[in-house]
Amino acid sequence: MTMFFQVAIDGLLTGMVYALVASGLSLIWGVMDVLNFAHGEFLMLGMYVSYWLGFLINFDPLISWIASGVFCFLLGILTYKLIIHHCLLGPPLSALLATFGLSMILKNFALNRFSPNYRLLTGTLLDGKRTLIGNIVLPMPQLITSIFALVVVFIIYYVIKRTRLGWAIQATAMDKEAAELMGINTERIFLLVFGLGGLCVGVAGGLLPSYLAVHPEVGGLFGLIAFVCVAMGGFGSIPGALLAALLIGLVEALGGFYIAPVFKYVVVFGLYLLVVMLKPKGLFGW
Amino acid sequence: MIKENTKKQDLLWYVLIVVLLLVPFIPQVAANSFTQHVFILILLYASMSQAWNIIGGYCGQVSFGHSVFFGIGAYGAGMAVVKFGITPWPGIIIGSLLAMVVAVLISYPCFKLKGHYFAIATFAIVEIFNRLFMVWYWVNGALGLDYPMVKTGWTNFVWYRTKIPYYYGALILFTTIFSIVRFIERNRFGYYLRAVREDQETAEATGINSTFIKLSAMALSAFLASFCGAFFVQYNFRVDPPMVMSLQVSMVFVLVTILGGAGTLFGPLLGALILIPLQEYTRVLWGGLGRGTDLMLFGFLIVLIMVRQPKGIMGLINEYLNYRKTRKIISAQPEINS
Amino acid sequence: MPLLEVCEISKKFGSLVANSKISFKVEEGNIVGLIGPNGAGKTTLFNCITGIYKPSEGKVFFDGSDITNLPPYKVARLGAVRTFQIVHSLKEMSVFDNVLIGAYLRERNTEKAREMANQCIDICYLTKIKNTRAGDLAIGHKKRLELARALATSPKLLMLDECMAGLTSTEVNESVSLIKSLKKKGITFLIVEHIMEAIMPIADKVVVLNGGLKIAEDHPEVVVHQESVIEAYLGQKYSKKFQLAAKGRNI
Amino acid sequence: MNFIKKISIIILTTLLVFTLVNGAAFAQEKIIKIGTLFPLTGSCALAGSRCKAAVETAVEVINNSHPECDVPLAAQEGLLGGYKIVLVHADHQGKPDIAKAEAERLFDQEGVYTIVGCYNSACTNPASMVAERQEKIFMCGCSSSAALTERGLQYFFRMAPTDKTESIEFCDVIEWMNGTKGANLKTIGIIYENTEFGKHAADEGKLAAAEAGFEVVVDVPFSPGATNMNSEVQTLKAKNPDVVFGACLGGDYTLWVRTMKQMDWLPKMCLNYCTGYQDPVITEQLGDDANYFMGGTGYAPEFAELMPAVAAVEKIYQEKIGVPFDSDSIQEAVATFILAQAIEKAGTLNYDTVRDTLYANEWNSPLSMGGKVAFVSGGQNAKAMSMITQLQGGEYKRVFPTELSTDEVIFPMIPWSKR
């Protein structure tokens, strides 16, 4: 039984990181109906920012997540200005393919600049620390990262549900033209939403190097899982993405442990298919 | 006027085929096996993308799952040669039929999903298939199937010292698939496909069984994609899951078609004509540096095209033609007035 | 035997009753108007008849066969073809191609289908714009394009959902005369319409819905005198006008 | 309009540049072109770029006079009385189809004499087939799949020990431990990345274990590039094998070790195929956590006294890439040296003569452990050997076989809590 809870907790901790990565994607998707294929690469660059800050000037990931968040915010804004803005006019796929191209550029840019070396921060504040609840081991880096993730997701959710800006975002998501008539500068909202999406993933990227090695290919699977979380949660729903991410983390861990590790992603993707077969618009979709 | 256009297009089509038939006789090409390789890849990728175009372009169901069918065809040929030690042909046929069945089985439930939900569902399917094939002992799992030395010739569809037969094989594949699509485009089925793409509800109200149309388009598309997969294996003498059944392979289908222009007959060819030489020659030039320069440039070009002309190169050409047309009309106007 | 027979159709969305036990008949060769205030359940009824919704109870018979739970395309194949209130044109295709898709329903041969499509385009006065992209059309043309595409399927029953809303008065007149001429060719119509001036003169019968119930079914001139209809739907202005007119006739 | 022009200009220039490059004939006559084919982008790019640098280093030593290096051909300049080696690099991105296409291009278009490559066994296979069909020599440094040299190819030579020999050696170690130290090790768990490389290693590991009479209680393949390895490690932990065989590449290896630390679990002994474990940056990355793991190592800087000639060559290598040789990359350098020696000895570039020379002689190879290279039919280097090392205090200590060992094995591995 301890084993079961241990595995489940591990899964939930992973799930919360997925949630943070996915909530950015979900926001972008919900408001603009654009799938950002380069999302995983944003994460990778965020991790590099945090890594270099740690490596060169000894910043702890607990501080440098701010920097990588800001970096990815700017990256998001830049992406929107230079690429997405132009693609919104075309068929829905064009933005997807453009971001696919972007992901290739970013991945190989990292390869070019930082070499294919995998890099891990050692000697961080949380490095190797653990707490115990009964017999269940809670590794500190994961725990702190997860708590951070949860907090950021809630802040984003709060901003969207409770602030003027959030209402403007919601209005834009529901009906762009109507929002424009109401005097909302949708162009700026789009810009901001892409920035916020980047911010979420940047924060995640900032925290991860404390226990995950950084290399140019690290974002790939994260990006893919974020896609699945978002689609499973439902169109642009942040609580949906959160729930889906936790579910995916859980299923991944339990499936990996009780079926076979090699099948863990099969179980995850299978779960996704099952959910959308039953609810074609995802858990919280409308 | 439509008639006239058709004739023009026909002529263009025949000229194209004749030119392609003669390509191996160009001394430059005949002497240069890498150029031959590039030509073969262009034809193969154009065929693959054209197969995808049926469902993705004409019917508007953006599937990232085509590498599954591509892979099944590939494994069909590979298993026949490696495991059973016979000619690949029965394997190709069985693989293609199997791909068709799998296509229908997996896409029937998926067609309930719309837009990005459908696209991501097909992502998931590729990942599932990829990982299952990775551990499936009977097809050698992650080890993949390596071709033994077999007798060359059309029976085995294997040549070691020359690429010209491969070229003609690819040309046959290309012509067949393009002719099929060309036939479809001008007939009832093609119009129905487009109707379903534009508005499913209207299509249904006009008496079109959209589920049947989508399923048959998917089946046809999978069947043809599977043939391309078999060709790919016969050309590379090896098959393993990441090589034929992965998201990366799926992206090629989509990328080439969309870059060229989805839902147009010549889009896939144009896409392949630009993308493949670019991919191959940038790799030749900069790949050896090991700095990812080639892939960065490749990504940059994709972004550039999507940003400047989201409808692909065909969109660009159409725009240009329209521009010329309007200019003609404008320049013709004063004469009428005076 | 009527061409279309609606028997006791009900449709509920959760606790909301959109249609409640509605029955009426459409005789062959007639024009039947289906009217009622906004939210009366007209479009829902249309959707139930054409198979987009499954009715909660009741049956629909068309041309002697039960079409209650048939999918939309089968209904269309039997010859009951509809248009949509919010136009659904196939945007990226030309006007001609739009109509051609309708024509393909009965004619597999491309050449013959083209001929048929051309005829329908001529009938609906779309000849001049037949190579235009459907998405670029003005609303009036779009509505007529819907009609043309439906027409090309050689329907027995044409069901038009507010095909004149948003048109200029000239366009409305054109449409009215078009419907009249089509009626002469033996096509039956079931028309949902808000513009009374358009529907009243041409309808052989109107069915009035209110709040999901059928409150009247009769010849237009009779219907307009019914108290319930006047109250529920026509409102003060029209009732006065019609009553005045009736008085005038009496005197 | 403008855009069309721009695009066509881009494409035309690309093509033009290509034709120019293609057409440019080398003016110098006395050169031997050698192609390298490694994964320079993609998930194996790190290893690929090191292998490429190793070949470059070897060529540097051969082409120029390097009297400080005590390796064959270092003192003289070039081969065959003045022939210089020119390298043509290619990238196969870890994809077999590209490997085949690039091998064909290197041979047909670039006109290379031979190819050194390809790191990934899955890519070496089709690429070496290209060479075989053209009856040209293919030199393979470090691809470890035993199947490569069991194909009966005529022109294929591989320097590194296979995962088969490594597996057998692993079992020997366990038996030795049981025999001399009373370790009482019985059960084995295998964790490997589910790719061609990992699967091969695991299969050979299972065979060897079965032959030696050990029980493989758990077999954990995982998808490379995973976001976490919790369930993999949990599965191992649940079965708690005495010994774990690992076949994980760099990034996954660090993740694996870290995850084990978090789960607070270690087997008594951990043996790794020559990959993540012997990467020179591993101790930097993992710090003390890397200690007490063991593995097969063909070369590590700590072997200096065994292989004194390496240091001078390594200096050149380190200038290029910043890290010392590892057992994969050094094999690629060996491959290059052996080829050059064979050409020198054969005195001709005729493929058959060079091939026969390669087979006929035992080669002096200061960069290989044991100092000798000799090929048996199929192209395997029969003298290939590796040592079992254990990371102690960040250094690779030789522990087995005993006649070459310097340090005692620390057994069992010191649990995380006591470090």
Side-chain angles (χ1 to χ4, degrees), chain A residues 3 6-7 9-11 13-14 17-18 21 40 43 107-108 111-112 115-123 127-130 132 137-142 208 210-222 224-225 249 252-267, chain D residues 39-50 94 191-194 218-238 249-255 257-259 261-265 276 279 281-282 284-290 321-323 416-417 419:
Chain A
M3 210 61 183
Q6 177 70 61
V7 171
I9 295 267
D10 285 338
L13 292 182
T14 319
V17 177
Y18 289 162
V21 179
L43 180 82
K107 204 186 306 182
N108 289 291
L111 180 79
N112 192 314
S115 87
N117 263 328
Y118 47 91
R119 297 157 194 275
L120 190 67
L121 273 183
T122 41
D127 194 9
K129 298 218 169 54
R130 297 184 289 132
L132 291 174
V137 184
L138 286 177
M140 279 310 262
Q142 273 94 328
L208 281 176
S210 58
Y211 63 95
L212 196 67
V214 195
H215 52 95
E217 305 274 331
V218 74
L221 196 58
F222 272 106
L224 204 62
I225 287 180
E252 180 192 313
L254 292 176
F257 183 66
Y258 287 105
I259 302 175
V262 76
F263 285 127
K264 67 181 184 185
Y265 295 113
V266 174
V267 180
Chain D
L40 303 175
T41 51
S43 53
C44 297
L46 178 61
S49 53
R50 286 186 187 152
I191 183 166
Y192 57 96
E193 62 163 34
N194 193 24
V218 58
D219 159 22
V220 187
F222 66 89
S223 314
T227 59
N228 66 76
M229 284 176 68
N230 295 341
S231 34
E232 285 79 1
V233 174
Q234 291 286 15
T235 311
L236 281 179
K237 188 179 175 182
L249 296 180
D252 296 323
Y253 183 80
T254 53
L255 186 57
V257 174
R258 282 261 166 147
T259 313
K261 185 178 177 191
Q262 275 146 20
M263 308 264 170
D264 196 17
W265 178 78
D279 189 321
V281 300
I282 212 81
E284 237 170 80
Q285 299 282 346
L286 284 170
D288 291 342
D289 296 348
I321 196 129
V323 289
W416 300 111
S417 49
R419 292 192 183 188

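As the structure is a computational prediction, the values presented were derived from the model and not from experiment. Residue numbers start from 1 in every chain, and the chains themselves are labelled A, B, ... in the order their sequence lines are given, proteins ahead of strands.
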Taking the side chain as every heavy atom from C-beta outward, state whether A/P116 and D/S49 have any atom pair closer than 4.5 Å. yes

Using a 4.5 angstrom heavy-atom cutoff, name the option from A/L221, A/V137, A/V218, A/D10 with the most pairs to chain D. A/D10

Proximity breakdown for A/A253 and chain D, heavy-atom pairs closer than 4.5 Å: backbone

Straight-line distance of A/L254 CG to D/Q234 CD, nearest 0.5 Å: 10.5 Å

Between D/N228 and chain A, with a heavy-atom cut-off of 4.5 Å, which part of the residue counts as in contact: side chain, backbone, both or neither? both

Roughly how far, to the nearest 0.5 Å, is CD1 of D/I321 from CG of A/N117? 8.5 Å

Could you give the distance from CG (A/L120) to CD1 (D/I282), rounded to the nearest 0.5 Å? 9.0 Å

How far does NE2 of A/H215 sit from OG1 of D/T254, to the nearest 0.5 angstrom? 7.5 Å

Heavy-atom pair with the smallest gap, counting every atom of D/Q262 and A/R130: O-CD, 3.5 Å

Quick one: OH on A/Y211 to CZ on D/R258, what's the gap to the nearest 0.5 Å? 11.5 Å

Which one of A/M140, A/R119, A/K107 has the most heavy-atom pairs closer than 4.5 Å to chain D? A/R119

Measure the NZ-CZ distance between D/K237 and A/F257 for me, rounded to the nearest 0.5 Å. 9.5 Å

